[in-house]
Amino acid sequence: MGVLNVTPDSFSDGGLFVHPEAALRQGVAMAADGAAIVDVGGESTRPGSDPVSVEQEIERVVPIVEALHARVAALVSVDTSKAEVARRALAAGAALVNDVTALRGDPEMAGVVADAGCPVCLMHMLGAPKTMQDDPHYDDVVDEVLGFLEGRLAVAIAAGVHEEQVLLDPGIGFGKTLEHNLLLLRHLDRFVALGRPVVLGASRKRFLGAILDAASDDRLFGTVATTVMGAQAGAAVFRVHDVKPNVEALRVTEAVRTAGDA
Ligand code: HH2
């Protein structure tokens, strides 16, 4: 899954793809590099970020979704927690809703996804982006995030979403310390054991910067390490800014993982 933020303020690619032509070019390039999904987002969720209005998010996202859908074979997903943005993006050709609030951000989101019959990614976040990195605390981060995702899966199903359409994401960096992120990665197999495809979003994130003492545009090799470990643990989708190196790492990992199989 390639990341396409059409925002002025995303933590690593903010401002680069605000212009529709630049966004489209980047989306097409990511698909050509092997992305199966291009994830279009119009609202930054980086720590400390401010929300944007529905109208502004629609204005940023929908034209790009529509143009990309017409241009690439890859699926287009919409990274939003607003029901109206999701509805409009789905009408414009989006095939998947990526909701970092796991259907908690908008009471109408579950209904929109259920009516569309589309896949939805439910992600764990502690608190809200504005304050989530203010001293996050868990007694047992892995147990608590697992429990949260099981609960949100149940809520989605109760709202009419088919279980087979749900993807789950531990939400690396969303209300987590370095140690929390490392534990989630170390125990990713327990998320895979929930039986739904697991999405991993570690690309260029701050915990990599903390380990490597590197700025956000200098975290590619760290990101690739998380992709390889995630693939070995059984994760299904890797949300990344740099598609080609991560696709190549996945191809090699997969070749080794299946070596000798009939
Ligand atoms: N991370 C970000 C945004 N959306 N969605 C899922 N499913 N999983 C993630 O880990 C995830 C996500 C944050 O990264 P990015 O989009 O690069 O930055 P920003 O929120 O600043 O736009």
Side-chain angles (χ1 to χ4, degrees), residues 1-8 10-45 56-82 84-100 112-113 115-123 164-167 169 197-204 217 220 223-224 226-227 230-231 235-254:
M1 174 187 274
V3 178
L4 184 56
N5 288 316
V6 287
T7 57
S10 287
F11 81 95
S12 95
D13 59 354
L16 287 179
F17 309 117
V18 177
H19 196 283
E21 267 171 38
L24 189 57
R25 209 177 311 123
Q26 175 70 357
V28 169
M30 289 195 293
D33 283 343
I37 306 167
V38 177
D39 189 38
V40 182
E43 176 179 56
S44 173
T45 48
Q56 193 170 24
E57 207 179 317
I58 287 174
E59 220 169 275
R60 287 178 182 173
V61 158
V62 172
I64 302 302
V65 167
E66 193 164 22
L68 259 185
H69 175 59
R71 284 282 296 277
V72 299
L75 300 179
V76 179
S77 81
V78 60
D79 185 346
T80 189
S81 52
K82 298 187 184 74
E84 188 56 23
V85 177
R87 199 180 285 125
R88 294 282 300 272
L90 289 164
L96 186 153
V97 175
N98 175 24
D99 182 0
V100 297
V112 168
V113 171
D115 286 349
C118 66
V120 60
C121 176
L122 307 179
M123 195 197 78
E164 316 80 67
Q165 299 282 45
V166 179
L167 298 89
D169 184 333
V198 168
V199 178
L200 181 63
S203 184
R204 297 186 188 172
D217 59 356
L220 173 59
T223 300
V224 168
T226 66
T227 295
V237 177
F238 302 85
R239 185 179 180 279
V240 297
H241 301 82
D242 307 282
V243 170
K244 191 166 191 281
N246 283 287
V247 165
E248 289 185 356
L250 282 176
R251 285 170 59 193
V252 173
T253 309
E254 191 57 14

Can you name the closest pair of heavy atoms from [X] and [Y] and give their distance?
{"X": "Val199", "Y": "Cys121", "answer": "CG2-SG, 3.8 Å"}
{"X": "Met1", "Y": "Ser77", "answer": "CE-OG, 3.9 Å"}
{"X": "Val65", "Y": "Gly93", "answer": "CG1-C, 4.2 Å"}
{"X": "Phe17", "Y": "Val6", "answer": "O-CG1, 3.3 Å"}
{"X": "Pro197", "Y": "Val166", "answer": "CD-O, 3.6 Å"}
{"X": "Ser12", "Y": "Arg204", "answer": "OG-NH1, 2.9 Å"}

Let me confirm one number: the [atom1]-[atom2] distance from [X] to [Y], rounded to the nearest 0.5 Å.
{"X": "Leu75", "Y": "Cys118", "atom1": "CG", "atom2": "SG", "answer": "11.0 Å"}
{"X": "Ile64", "Y": "Asn5", "atom1": "CD1", "atom2": "CG", "answer": "12.0 Å"}
{"X": "His241", "Y": "Asp217", "atom1": "NE2", "atom2": "CG", "answer": "11.0 Å"}
{"X": "Thr223", "Y": "Phe238", "atom1": "OG1", "atom2": "CZ", "answer": "12.5 Å"}
{"X": "Asp242", "Y": "Asp13", "atom1": "CG", "atom2": "CG", "answer": "9.5 Å"}
{"X": "Gln56", "Y": "Thr7", "atom1": "CD", "atom2": "OG1", "answer": "10.5 Å"}

* Asked: Taking everything shown except Arg87 itself, do over 12 heavy atoms lie less than 6.0 Å from its CZ?
  -> yes
* Under the criterion side-chain contact (heavy atoms from CB on, under 4.5 Å), which of Thr80, Asn98, Val78, Leu68 is the partner of Val40? -> Leu68
* Close side-chain approach of Glu57 and Arg60, heavy atoms under 4.5 Å -> no
* Asked: Does a side-chain heavy-atom distance below 4.5 Å link Asp39 with Val3?
  -> no
* Give the C-alpha distance, both sets of side-chain angles, the deciding distance and a yes or no for side-chain contact (heavy atoms from CB on, under 4.5 Å) between Leu167 and Val120. => CA-CA 6 Å; Leu167 298 89; Val120 60; over 6 Å; no
* To do: Could you tell me whether Asp79 and Arg239 have a side-chain N and a carboxylate O separated by less than 4.0 Å?
  => yes
